[in-house]
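For clarity, every value in this text was computed on a predicted model and none was experimentally measured. The first residue in the sequence is number 1, and the count goes up from there. Both counts, for ligands and for their atoms, begin at 1 and track the order of listing.
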Amino acid sequence: VIQELKRCIEGEVLSSASDLNRYSQDESIFSVRPTVVVAPKNKSDLQAIVTIAGKHRVPITARGAGTSVAGQAIGSGIVVDFTQHMNRVLDISDGTAIVEPGVVLDDLNRRLAVHGARFAPDPSSHAWCTIGGMVGNNASGPHSFKHGSTRQHVLSLQCVLADASVVSSHEIGTRFPALLEEVENRSSQIQRSVPATRKNSSGYALDCLLKSPPDFTGLLVGSEGTLALLSEIEIRTIPLEPQWTTAIISFSSLTDAILAVEEIRGRSPAAIELMDHYILDAIGRLDPTITDRLGLTGKKASLWIEWEGEVERPDIDDVRWFYDPKEQNHIWKLRSLASKELQKQPGPRRPLRCIEDGVVPLRQLDRYVLELRDILRSHDCDGAIFGHVGDAHIHVNPNVDVEKPYLPARIERLMDEAYGLISRLGGSISGEHGDGILRSKYLAPDIVSLKRAFDPDGIFNKGVKTKDTKTLSYSLNLKKLDVPFCLANPVPAFVPQNV
Ligand SMILES: Cc1cc2nc3c(=O)[nH]c(=O)nc-3n(C[C@H](O)[C@H](O)[C@H](O)COP(=O)(O)OP(=O)(O)OC[C@H]3O[C@@H](n4cnc5c(N)ncnc54)[C@H](O)[C@@H]3O)c2cc1C
């Protein structure tokens, strides 16, 4: 495979031990060593890669910046790195842009700013993450409360399908008449399976195919590289906002903060973010002067609210207002960096991302947080609870003791309980991070033959979004956990072997 790739593609083919190690991790708890890494230069390279992979039945994992937290940017076969060459902005027009998948969000926004525009979805990983990766995960961020997720901002996609043909997402429908017929026959089942949440990045967005005409662009957004390789992305842009207003409200308890959310939602902000005391401590470590400046001394929780444009000051207690753009930038940058800062702590406990992305219907928010805290306590892993509370979408970082035995089994039990709770509340196990390797075991069996139609030989991102994990092996990421631990073939269950 390596020799054939070297013969057929213009881009680089990397197979040294150090390269393979470098690409064997993303930001998840997993680690999978690829066979080879390629950095394609163009569409023809992508076609050649798909042809070679299909011929030899070697899996392909598309990769942007590798900041995914559920293991969907690592794979055992060919890893395709789009950031090296396929990172160009091809066109910027009024309200739209066409980009290659490997362009980094901040770089794109710098280019758009010259035209008075920006891309609305804003993951906290904006300095590193790529548009291809955002499309893969249907990513979003604090401003999803006003602007929704990536799916709402993608106009069309150019794809390389499993037969190596290049096709626009608007023209894919003609390729899959049987799939569309099956979707139509099962329309009520598909509609029932859509969670009543404001966001969802779990499973496939089959409901997009129920639209007229069927929306294959929407289906491909959030498909985590499991259906096709994307070679070009047409996005919608929005005008740059000249002015922003930030309000920081402090609370004596997390419960008080949660109870205030509904009223704030009615005041039409662009973002409502929850910070608990773990996150506030992390932010305080990043900037020791900030706790006092934000009025957070002695407080246990906080809501950070942002409006686009000028706002009338709502009459709320315990609020600090910020209008200076520089100061607001600084505050929101701290919010972006807080999640990474959480990872830095001494001792055997690590804030593992394993139940980190649940979202529930708005009316279930307080029950979700209350019962989730009980679950964390019963597992002796109380940890950070924060995030996009306006959408009832919460990030949770259980502080797991990674040195105690039976780590995989403990993680699995925690996931079973947390995901059981989310399912009882009618939510989704992923609001923006995607399923990856981590959550694939929890997905309902495919109700239509989508994956088989797009990827008959199962080459695209094996083991992600489907339970086809027979040939996948991975180990819990040694370096980040810093524990002598290695587990082969644990999917779908985290069986406690080799502990
Ligand atoms: C500190 C931190 C903060 C984060 N905050 C947020 C947040 O606020 N919101 C959020 O949504 N996420 C967040 N994330 C998760 C992640 O950063 C985002 O989902 C991001 O969009 C992933 O982009 P990436 O370029 O790293 O993609 P990768 O991780 O490299 O890939 C993501 C998925 O897209 C697929 N893919 C990439 N390129 C292509 C292509 N050309 N064709 C087909 N498939 C492709 C990959 O196969 C993979 O399945 C955070 C992560 C970290 C580490």
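If you number the atoms of ligand 1 from 1 as listed, the ones under 4.0 Å from a heavy atom of Glu224 come out as 47 (O), 49 (O). Proximity to Ala139 (heavy-atom distance under 4.0 Å) selects the following atoms of ligand 1: 11 (O), 19 (O), 21 (O). Shown in contact with Ala228 at under 4.0 Å from a heavy atom are these atoms of ligand 1, numbered in order with element: 43 (C). Within ligand 1, counting atoms from 1 as listed, the ones closer than 4.0 Å to a heavy atom of Ser68 are 28 (P), 29 (O), 31 (O), 32 (C). Each of the following atoms of ligand 1 lies closer than 4.0 Å to a heavy atom of Ala62: 36 (N), 39 (C), 40 (C), 42 (N), 43 (C), 44 (N), 45 (C), 46 (C), 47 (O). Close contacts of ligand 1 with Pro101, meaning ligand atoms under 4.0 Å from a residue heavy atom, involve 41 (N).
Among the atoms of Asp122, none of the N or O lies under 3.5 angstrom from an N or O of ligand 1. Where the criterion is an N or O separation shorter than 3.5 Å, residue side chain and backbone included, Arg63 fails it with respect to ligand 1. Any N or O atom pair closer than 3.5 Å counts here, and Ala73 shares no such pair with ligand 1. The shortest N or O to N or O distance between Ser125 and ligand 1 is below 3.5 Å. Backbone and side-chain nitrogen or oxygen atoms of Glu432 are examined, and one is located within less than 3.5 angstrom of a nitrogen or oxygen of ligand 1. For ligand 1, the polar-atom distance check finds no N/O of Val69 at less than 3.5 Å from any of the ligand's N/O atoms. The distance criterion of under 3.5 Å between nitrogen or oxygen atoms is met by Gln72 with respect to ligand 1.
In terms of heavy-atom proximity, Leu274 sits nearest to Ile385 at CD2-O, 4.1 Å.
Residue, atom and distance of the protein heavy atom nearest to atom 8 (O) of ligand 1 are Ser124 N, 2.9 Å.
At least one heavy atom of Asn461 lies less than 4.0 angstrom from ligand 1.
Between Leu90 and Glu100 the shortest side-chain heavy-atom distance falls below 4.5 Å.
Separating the CG atom in Asp391 from the OG atom in Ser149 is a distance of 7.5 Å, to the nearest 0.5 Å. Taking CD1 of Ile29 as the reference point, atom CZ of Arg353 lies at 10.5 Å (rounded to 0.5 Å).
The pair Asp163-Arg175 counts as a salt bridge, with a side-chain nitrogen and a carboxylate oxygen less than 4.0 angstrom apart.
In the model, Asp287 has a side-chain atom that pairs as donor or acceptor with a side-chain atom of His330 under 3.5 Å.
Taking the six-membered ring for Trp and the full ring otherwise, Phe176 and Phe454 have centroids separated by under 6.0 Å.
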